[in-house]
Amino acid sequence: MNLDELVKIEIEKAIEVIFPVKVEEKDIQIQPTRKDFRGSHTLVCFPLTRFSKKSPEDTAVLIGDYLVENTGFIKSYNVLKGFLNLEVSDDVWVKQLQNFSTVISENKEGAKEEIMVEYSSPNTNKPLHLGHLRNIFLGWSVSKILAYTGMDVHKVQIINDRGIHICKSMVAWKRYGEGVNPEDSHIKGDKLVGEFYVKFDKVYKEQIAQLIAKGVSKERAEQEAEIMQEAKAMLLKWEAKDPETLELWKTMNSWVYLGFEQTYNRMGVTFDKLYYESETYLLGKDIVMQGLNSGVFYQKEDGSIWVDLSEEGLDHKLLLRSDGTSVYMTQDLGTAVLRFRDFPGITGQVYTVGNEQEYHFRVLFLILKKIGYKWAEHCYHLSYGMVDLPSGKMKSREGTVVDADELMEEVVQKAKEATAELGKIDSMSEEEAEALYELMGLGALKYYLLKVDPKKRMLFNPEESVDLQGNTGPFIQYTHSRISSLLRKAGDDQIPEPAALLAYDLEDVEREIIIKLLEFGKKVEEAKNLYSPSIIAQYVYDLAKEYNKLWQNVMILKESDDNKRGVRLYLSNKVAEVIRVCLDLLGIGAPERM
RNA sequence: GGUUCCGUAGCUCAAUUGGAUAGAGCAACUGCCUUCUAAGCAGUAGGUUACAGGUUCGAUUCCUGUCGGAAUCACCA
């Protein structure tokens, strides 16, 4: 049994003995003691005054006295303004340290719960950018967290590989590309294709301007611009499976995939299965027809099919056009069902998609539920806020995007410069140094994007780049490498077996660290329930910060008392372990030296 | 216009989901390398939590209104 539960039981016992009336569960509020006060567990006594008929302070004293007298492990207490702060004796803390483990998924027996996590979802007409980075790191980290708590996670991405926007790059390449390809030009495939997408837009705008100059209205100009006509014609050809068009499409997409692969590799993320929109965009019609037949949907006179969501406080939503073709919602319905066929074991899906699509997913899940898919209740839109630049929103067509590859390179370079400046590389081999820059740079970037609550929009200033000091990934990595260094010096045999640890009067810092360590399981659980890596990030930062305090103020290796040194080494080792696990959950590596 | 979300230190973010004196980092300023890595530690300064009401022992958190910002509401994806 863990300490929190033990304290709770004792408090409940105390209350039962002291108060004549039965106290409701919800009125027993135990929370971690705030930093500035002594103690580890705090009972909020205000709600109890209803039962005790005494002041909060008197109530607290009654309970405190009882606990100190009867539990044997609560050393003392203090009362401030109706808050009862309990101090647990040090031998209990040492015992807690002995029993502490980072393993939390104990339900190894029985089938694991299966879940699908979708993230990334790129378009094949342009390279990945900062927004994708948040999406990808988030999706990856959430997958890790779910898996850590014992779930079987299938990571997938849906690739937006068709449609008018893809045809735009194709048209521009055909017209202006002069046969250029990634191999000969030495331009990364996704970047090359992206250039043609931009080129298309440029020409398109020019043509619109010319038409407007001739007196054509803006709307008509946008429709009639000759290059846009060509793109539309190409989309029709593509849909008609014209061999030449398909060939070009396949070729250009393959360039993009090679480029993406490099980018994903550097990010350190993988997928278990890829879905292509070109293979799913026609799905979903049968589902819509089923819904129509069963009366869940309705058909208008022009033949279009709709669903009425006004009871749920939403609008009527189109599901199939009057000409019988699909809309976005149609294919998402189809894809959702397809995935449950591909992975019959999964109980739910997590969609990592920006918050501008919140409405879409609300509707999607509602419709799935209406048609009768029970798993719809376990579908979750992992919605995250946009990453803003100081200049405002990123617009790919206006060239204000922060490119993913460039940004990763930049932070790695920054790590390199900072390391050189501190003269830390002298003892490292070239390979080790390069690997370190990579770990640090990406660690800094990932931590930066993950430490913020996913739901909130966040700001990124490319001018200032990513910090390496303070509340950052490298700070945590540094703490880890410090401990690694310490343990190397000590030698493995110096770390005692848990059973050998003896209690002593702990330093405040030591106790604080143990308390922090014990929060690990709770934090992971919380991060899992809220789909929020930021909870892990915040937690591991606090732990590292606390450990650095110990490092700076208390001798570890040079401690003359064998038992104290043993306990501190054991504690250090555990802190390093938790840091490793937490960083791994964030997709960040933990260097042995830096 | 309807709906949803957001507004916390100069800047970027926290705040145990209604708890104590609202915390960290960056930037500024002061100290600390002759003891395990100073990418660190200790400290100073910085706040009417957008504003006005309400609910109660207690509000950054819940409710109402105002102001400011964002997203969304397509036979687009």
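The sequence lines fix the lettering, A, B, ..., with proteins before strands; numbering per chain opens at 1.
Between A/Y478 and B/A39 there is a side-chain N or O to OP1 or OP2 distance below 4.0 Å. Contact annotation: A/K489 side-chain N/O to B/U37 OP1/OP2 distance is under 4.0 Å. For A/K317, no side-chain nitrogen or oxygen approaches OP1 or OP2 of B/C75 to under 4.0 Å. Dashed line: the shortest gap from a side-chain N or O of A/R321 to OP1 or OP2 of B/A77 is under 4.0 Å. The side chain of A/W551 places an N or O atom within less than 4.0 Å of a non-bridging phosphate oxygen (OP1 or OP2) of B/A38. Using a 4.0 Å cut-off, some side-chain N or O of A/K545 falls inside it from OP1 or OP2 of B/G25. In terms of phosphate contacts, A/S481 brings no side-chain nitrogen or oxygen within less than 4.0 Å of OP1 or OP2 of B/U37. A sub-4.0 Å separation between OP1 or OP2 of B/C36 and a side-chain N or O of A/R568 is absent.
Spacing of C1' atoms, B/U30 relative to B/U64, comes out at 48 Å, to the nearest Å. B/A24 and B/G65 are spaced 34 Å apart, taking the C1' atom of each and rounding to whole Å. Taking the P atoms as reference points, B/G54 lies 41 Å from B/A74, given to the whole Å. Nucleotides B/C63 and B/G19 are separated by 15 Å at their P atoms, to the nearest Å. One C1' atom belongs to B/G25, the other to B/A9, and the distance between them is 12 Å to the nearest Å. Of the P atoms belonging to B/U12 and B/A50, the separation is 15 Å, rounded to the nearest Å.
Within a 6.0 Å sphere centred on NZ of A/K54, heavy atoms belonging to other residues, nucleotides or ligands number 12 at most.
The aromatic rings of A/Y541 and A/F475 sit tilted, their planes meeting at an angle between 30° and 60°.
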**Prompt:** How far apart are the C-alpha atoms of A/F83 and A/F46, what are their side-chain angles, what is the distance that settles it, and do they pass the ring pair (Phe, Tyr, Trp, His ring centres under 6.0 Å) test?
**Reply:** CA-CA 8 Å; A/F83 292 87; A/F46 300 99; 5.5 Å; yes

**Item:** Test salt bridge (charged side-chain N to carboxylate O under 4.0 Å, His left out) applied to A/E577 and A/R580, step by step
**Value:** CA-CA 5 Å; A/E577 182 185 332; A/R580 264 197 307 279; 5.3 Å; no

**Asked** Can you list the steps and then say if A/E417 with A/K414 is a salt bridge (charged side-chain N to carboxylate O under 4.0 Å, His left out)?
**Response** CA-CA 5 Å; A/E417 285 161 25; A/K414 182 162 181 187; over 6 Å; no

**Asked** Could you walk me through whether A/H381 and A/F365 pass the ring pair (Phe, Tyr, Trp, His ring centres under 6.0 Å) check?
**Response** CA-CA 9 Å; A/H381 176 201; A/F365 299 157; 7.3 Å; no

**Asked** Which is it for A/K35 and A/E546 under the salt bridge (charged side-chain N to carboxylate O under 4.0 Å, His left out) test, yes or no, and what are the steps along the way?
**Response** CA-CA 12 Å; A/K35 254 323 199 9; A/E546 202 65 46; 3.2 Å; yes

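Across the protein-nucleic acid pair, A/Q357 atom CD and B/A74 atom P stand 14 Å apart, rounded to whole Å.
If you check B/C36, B/C41, B/A71 against the side chain of A/E356, the one that comes closest is B/A71. Nearest nucleotide to the A/R162 side chain, out of B/A24, B/C41, B/A77: B/A77. The nucleotide whose nearest atom lies closest to any side-chain atom of A/D302 is, among B/C75, B/C41, B/U37, B/C75. When distances run from any side-chain atom of A/Q469 to the nucleotides B/U37, B/C36, B/C26, the shortest one goes to B/C26. Closest contact between the side chain of A/E277 and the listed nucleotides B/A38, B/U72, B/A77 involves B/A77. Comparing B/A77, B/C36, B/C41 by their closest approach to the side chain of A/Q552 singles out B/C41. Comparing atom distances between the A/K558 side chain and each of B/A39, B/G40, B/U35 picks out B/U35 as nearest. Residue A/Y541 places its side chain closer to B/A24 than to any other of B/A24, B/G40, B/C73. Which of B/A24, B/C73, B/A39 sits closest to the side chain of A/A418 comes down to B/A39. The A/Q331 side chain lies nearest to B/A77 when the options are B/U37, B/A77, B/U4.
Applying the 3.5 Å distance criterion, the base of B/U37 shares a donor-acceptor pair with the side chain of A/K424. A/T419 contributes a side-chain N or O that forms a donor-acceptor pair with the base of B/A39 under 3.5 Å. If you check distances only, the side chain of A/S322 does reach the base of B/C75 with a donor-acceptor pair under 3.5 Å.
B/U17 has its base syn relative to the sugar, with a glycosidic angle deviating from 0 by at most 90°. An anti orientation is assigned to B/C11, its glycosidic angle lying beyond 90° of 0.
Between A/K545 and A/D542, none of the side-chain N atoms (NZ, or NE/NH1/NH2) sits under 4.0 Å from a carboxylate O, so this pair counts as no salt bridge. Between A/R457 and A/D388, at least one side-chain nitrogen of the basic residue sits less than 4.0 Å from a carboxylate oxygen of the acidic one, meeting the salt-bridge criterion. Comment: A/K8 does not engage A/E5 in a salt bridge, judged by the lack of any side-chain N to carboxylate O separation of less than 4.0 angstrom.
A/Y281 has its ring centre less than 6.0 Å from the ring centre of A/W238.
If you check every strand for non-hydrogen atoms under 4.0 Å, A/V79 touches nothing. As judged by a 4.0 angstrom heavy-atom cut-off over every strand, A/S534 is placed among residues making no nucleic acid contact.
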Using nucleotides 17-21 of chain B, report all nitrogen or oxygen pairs with the protein that are shorter than 3.5 Å.
{"residue": "B/G19", "atom": "N7", "partner": "A/Q29", "partner atom": "OE1", "Å": "3.2"}
{"residue": "B/A20", "atom": "OP2", "partner": "A/R34", "partner atom": "NH1", "Å": "2.7"}
{"residue": "B/A20", "atom": "N6", "partner": "A/T42", "partner atom": "OG1", "Å": "3.0"}
{"residue": "B/A20", "atom": "N6", "partner": "A/N85", "partner atom": "OD1", "Å": "3.2"}
{"residue": "B/A20", "atom": "N1", "partner": "A/N85", "partner atom": "OD1", "Å": "3.1"}
{"residue": "B/A20", "atom": "N1", "partner": "A/N85", "partner atom": "ND2", "Å": "3.3"}
{"residue": "B/U21", "atom": "OP1", "partner": "A/K81", "partner atom": "NZ", "Å": "2.0"}

Tabulate atom names and distances for all N/O pairs under 3.5 angstrom spanning the protein and nucleotides 9-13 of chain B.
{"residue": "B/C13", "atom": "OP1", "partner": "A/L459", "partner atom": "N", "Å": "2.6"}

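Nearest heavy-atom pair across A/K516 and A/Y539 is O-OH, 2.7 Å.
Toward the 5' end of RNA chain B, the nearer of the two residues A/K455 and A/R488, judged by each one's closest nucleotide, is A/K455.
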